[in-house]
Chemist: 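One structure, pasted below without further comment.
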Protein chains: 2
Amino acid sequence: MRPNPESYTVRQVAGFAKISVRALHFYDEIGLLRPAYTGANGYRYYGSEELRRLQDILFYREFGFALDEIRRLLDSPGFDRPATLRSHRRQLKAQAGRIEQLIQTIDQTIMSEEKKTAMNPKKMYAGVSPKKQAEYEKYLTDRYGECATKGIAESKQKTRGWGPADFAREKAGNDELNREFACLLEAGVPPEDPAVQALAARHHKMVCRFWTPTPKAYAAMGDLYGEHPDFRTYYEGFHPKLVPYLAKAIRLYAERELKA
Amino acid sequence: MRPNPESYTVRQVAGFAKISVRALHFYDEIGLLRPAYTGANGYRYYGSEELRRLQDILFYREFGFALDEIRRLLDSPGFDRPATLRSHRRQLKAQAGRIEQLIQTIDQTIMSEEKKTAMNPKKMYAGVSPKKQAEYEKYLTDRYGECATKGIAESKQKTRGWGPADFAREKAGNDELNREFACLLEAGVPPEDPAVQALAARHHKMVCRFWTPTPKAYAAMGDLYGEHPDFRTYYEGFHPKLVPYLAKAIRLYAERELKA
DNA sequence: CTACGCCCTCACGTTACGTGAGGGTCAACC
DNA sequence: GGTTGACCCTCACGTAACGTGAGGGCGTAG
């Protein structure tokens, strides 16, 4: 029951503009974007003029304008848009500057934190405190049972003679590996690509320096990285979507290269 | 009645850390920073350990960490801080990139908007629509009475023969002037400095090309720039604190150079 | 005729506090 | 001993921009 043919329902408009229906309700409520008319059933119907206005709204919203300001901008036709934009530009510049500052400070903090743990190796496995180490071992045993117990034992034996430098080398190598994975992910290279699979091979060799997983166990390792919050945080530090990417690359590698 | 001498009340702590008392209440409420102990009267008392913790809290807050995350960070001793920081660094980088992007887009928009108004001069006074012009005239007459009426009349007569190019020239000159003011303000040069007063002289000459204010009227012009939202927006586009700075420079100039 | 999808209006939850209201406490001064 | 003024407390509502149900009407396809 659409009195006017050139009109769209909330869901349609939301689909066009990729915003939520609730946002449209809200924009109506605050008088930012009213529907062209409302049906007798209370339904909101929007016309092409409203769609154009919505475009403008989203444009300004992108820049972080408050909805209140946007309404004033759009509702006063003679408003000095350039001046307003310049004013906002200044704020954005200041924000960008502040963020750059923060990034520098954070870099320094990261460096000094890493130096601290490097200088204070105690009994750390590559920066993992004995307490955390124990927690991880418990987690793995609970999660994977005997298979994990054997893996941990093997790992402890293999690294028995290692010094802090050895652990640090492995950690650095793994960091580098993850950076490369993240780089390819960012570039849009799919997990089945030979370049990614080559990285997976390096990953597999790295794992084998600690223990020798069965093909099935290895295939599931990528999922492990997403399950424990500490692991996930570590991997997401390289790229927010690294975990599923890595998991797929690892699973593919296991299926193609290990089961054969 | 302070059981422990090395303890501080909310107000004291708030003073040290330059946060509000309410923030301390809130941090207590969410379990982020509990006082060392509470007196029988319900007063919160903080010790040096709490002060150190507060330092850490504010450090992470600076980077935009949520208070919830900060609590987790500080409460789990073995937490992988470097990884968390790197993860956050990524987010900051992404944010910085997005802002740079926005600034570029905004620059383009400003340019195209200004070109549009330049190409479509109609009856605009330097980009001011007749409608807005009327609004400003009413505002001035309401605010300053007859004095403003005469000024407006004089201004209209003086600019009678002007074309769009003349208005554009004046606008550009004024923009440049304001940029220089903003530059000196940013550099910390006080309004009484000869460099700023020289700019004020240029400002006065510019005003005189439109109308001839009495010394008192001229002295008050800076305040006008802060009173009307449109004017303020224009001036704050150059620098958020330009209005009071300009006002002071103008007042000083009027007192020193015009009343004599 | 009923199932399913879309629509509506409340109304509360979110973050990190700001801003009072209403009332007790502390130290000092008279 | 009373009073003043600065401080403290606990509610409790307001902010921005919606998200997320709850509970119920509307429309049409099988």
Chemist: At a heavy-atom distance below 4.0 Å, what parts of residues 53-60 of chain B sit against DNA chain C?
Modeler: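 Close to the strand, none.
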Chemist: Give the rounded distance in Å between these two atoms: OH of A:Y45 and C1' of C:dC7.
Modeler: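 Nearest whole value for this atom pair: 8 Å.
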Chemist: Between D:dC7 atom C1' and B:Y8 atom OH, what is the distance in whole Å?
Modeler: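 B:Y8 atom OH is separated from D:dC7 atom C1' by 18 Å.
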Chemist: Taking CD from B:E69 and C1' from C:dT15, how many angstroms apart are they, rounded to a whole number?
Modeler: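 B:E69 atom CD is separated from C:dT15 atom C1' by 12 Å.
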Chemist: Please state how far atom CZ in B:F65 lies from atom P in C:dC17, giving the value in whole angstrom units.
Modeler: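 For the pair B:F65 CZ and C:dC17 P, the rounded distance is 16 Å.
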Chemist: Please figure out whether A:Y27 or B:R11 has its closest DNA chain D nucleotide nearer the 5' end.
Modeler: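 Residue closer to the 5' terminus by nearest nucleotide: B:R11.
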Chemist: If an axis is fit to five pairs at each end of the helix from C:dC1-D:dG30 to C:dC30-D:dG1, what is the angle between the two, to the nearest 10°?
Modeler: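 Inter-axis angle at the termini of the helix from C:dC1-D:dG30 to C:dC30-D:dG1: 30°.
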Chemist: Relative to the ring of A:Y225, is the ring of A:Y235 parallel (under 30°), tilted (30 to 60°) or perpendicular (over 60°)?
Modeler: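 Correct class here is parallel.
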Chemist: Start at the 5' end of DNA chain C and walk down; is the nucleotide closest to B:D68 or to A:D28 reached first?
Modeler: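 Looking at the nearest nucleotide for each, A:D28 comes out on the 5' side.
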Chemist: Can a side chain N or O of B:H25 be found less than 4.0 Å away from OP1 or OP2 on D:dC9?
Modeler: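 Yes, such a contact exists.
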Chemist: In whole Å, what is the span from the CD1 atom of A:I70 to the P atom of D:dA17?
Modeler: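 Distance, rounded to whole Å: 8 Å.
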Chemist: Reckon B:S20 has a side-chain N or O less than 4.0 Å from the OP1 or OP2 of C:dG18?
Modeler: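 So the side-chain polar atoms of B:S20 do come within 4.0 Å of the phosphate oxygens OP1 or OP2 of C:dG18, strictly under.
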Chemist: Are B:Y37 and B:Y45, when compared by the centres of their aromatic rings, separated by less than 6.0 Å?
Modeler: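 Yes.
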Chemist: Rounded to the nearest Å, what distance is computed from the CD atom of residue A:E29 to the P atom of nucleotide C:dT9?
Modeler: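 Result: 9 Å.
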Chemist: Check every atom of D:dC8, D:dA17, D:dT20 against the side chain of A:F26 and return the nucleotide holding the closest atom.
Modeler: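 The closest nucleotide is D:dA17.
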Chemist: The side chain of A:V10 is closest to which nucleotide in this list: C:dG18, D:dG19, C:dC7?
Modeler: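 Selected nucleotide (nearest to the side chain): C:dC7.
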Chemist: Before accepting this row, confirm whether a basic side-chain N of the pair A:E176/A:R179 lies closer than 4.0 Å to the acidic partner's carboxylate O.
Modeler: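 Yes.
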Chemist: Picking from A:K93, A:R86, A:R89, what satisfies salt bridge (Lys or Arg N to Asp or Glu O under 4.0 Å) with B:D107?
Modeler: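 When A:K93, A:R86, A:R89 are each tested with B:D107, the salt bridge (Lys or Arg N to Asp or Glu O under 4.0 Å) holds only for A:R89.
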Chemist: State plainly whether the residues A:R53 and A:D56 are in salt-bridge range, i.e. N to O under 4.0 Å.
Modeler: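 So A:R53 does not pair with A:D56 through a salt bridge.
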Chemist: How long is the line joining CD of B:Q12 and P of C:dC26, in whole Å?
Modeler: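 Those two atoms, CD and P, are 15 Å apart.
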Chemist: So, is B:N41 close to the C:dC26 phosphate, meaning a side-chain N or O under 4.0 Å from OP1 or OP2?
Modeler: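 Result: yes.
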Chemist: Taking the six-membered ring for Trp, are A:F65 and A:F63 parallel (under 30°), tilted (30 to 60°) or perpendicular (over 60°)?
Modeler: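 Because their plane-to-plane angle is over 60°, the rings of A:F65 and A:F63 count as perpendicular.
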Chemist: Does B:D175 come within less than 4.0 Å of B:K171, counting only side-chain N to carboxylate O?
Modeler: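 Counted as a salt bridge, because a side-chain N and a carboxylate O are separated by less than 4.0 Å.
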Chemist: So, OP1 or OP2 of D:dC18: does either fall under 4.0 Å of a side-chain N or O from A:R61?
Modeler: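 It does, given that an N or O in the side chain of A:R61 lies less than 4.0 Å from OP1 or OP2 of D:dC18.
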Chemist: At their closest point, which heavy atom of A:L54 faces which heavy atom of A:A17, and how far apart are they?
Modeler: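 In terms of heavy atoms, the two residues are closest at CD2-CB, 3.6 Å.
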Chemist: For C:dT9 and A:R44 - does any side-chain N or O of the residue sit under 4.0 Å from the phosphate oxygens OP1/OP2?
Modeler: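 For C:dT9, OP1/OP2 do have a side-chain N/O of A:R44 under 4.0 Å.
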Chemist: Please find out if less than 6.0 Å separates the ring center of B:Y8 from that of B:F16.
Modeler: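 Ring-ring flag for B:Y8/B:F16: true, centres closer than 6.0 Å.
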Chemist: Send over the distance from B:E62 CD to C:dA16 P, rounded to a whole Å.
Modeler: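 For the pair B:E62 CD and C:dA16 P, the rounded distance is 14 Å.
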Chemist: Does a distance-only test, which skips hydrogens and angles, find a donor-acceptor pair under 3.5 Å between the side chain of A:Y43 and the base of D:dG25?
Modeler: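 Check passes, donor-acceptor contact within cut-off.
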Chemist: Report the residue from A:I19, A:L24, A:V21 that forms a side-chain contact (heavy atoms from CB on, under 4.5 Å) with A:V13.
Modeler: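 With A:V13 as partner, side-chain contact (heavy atoms from CB on, under 4.5 Å) holds for just one option, A:L24.
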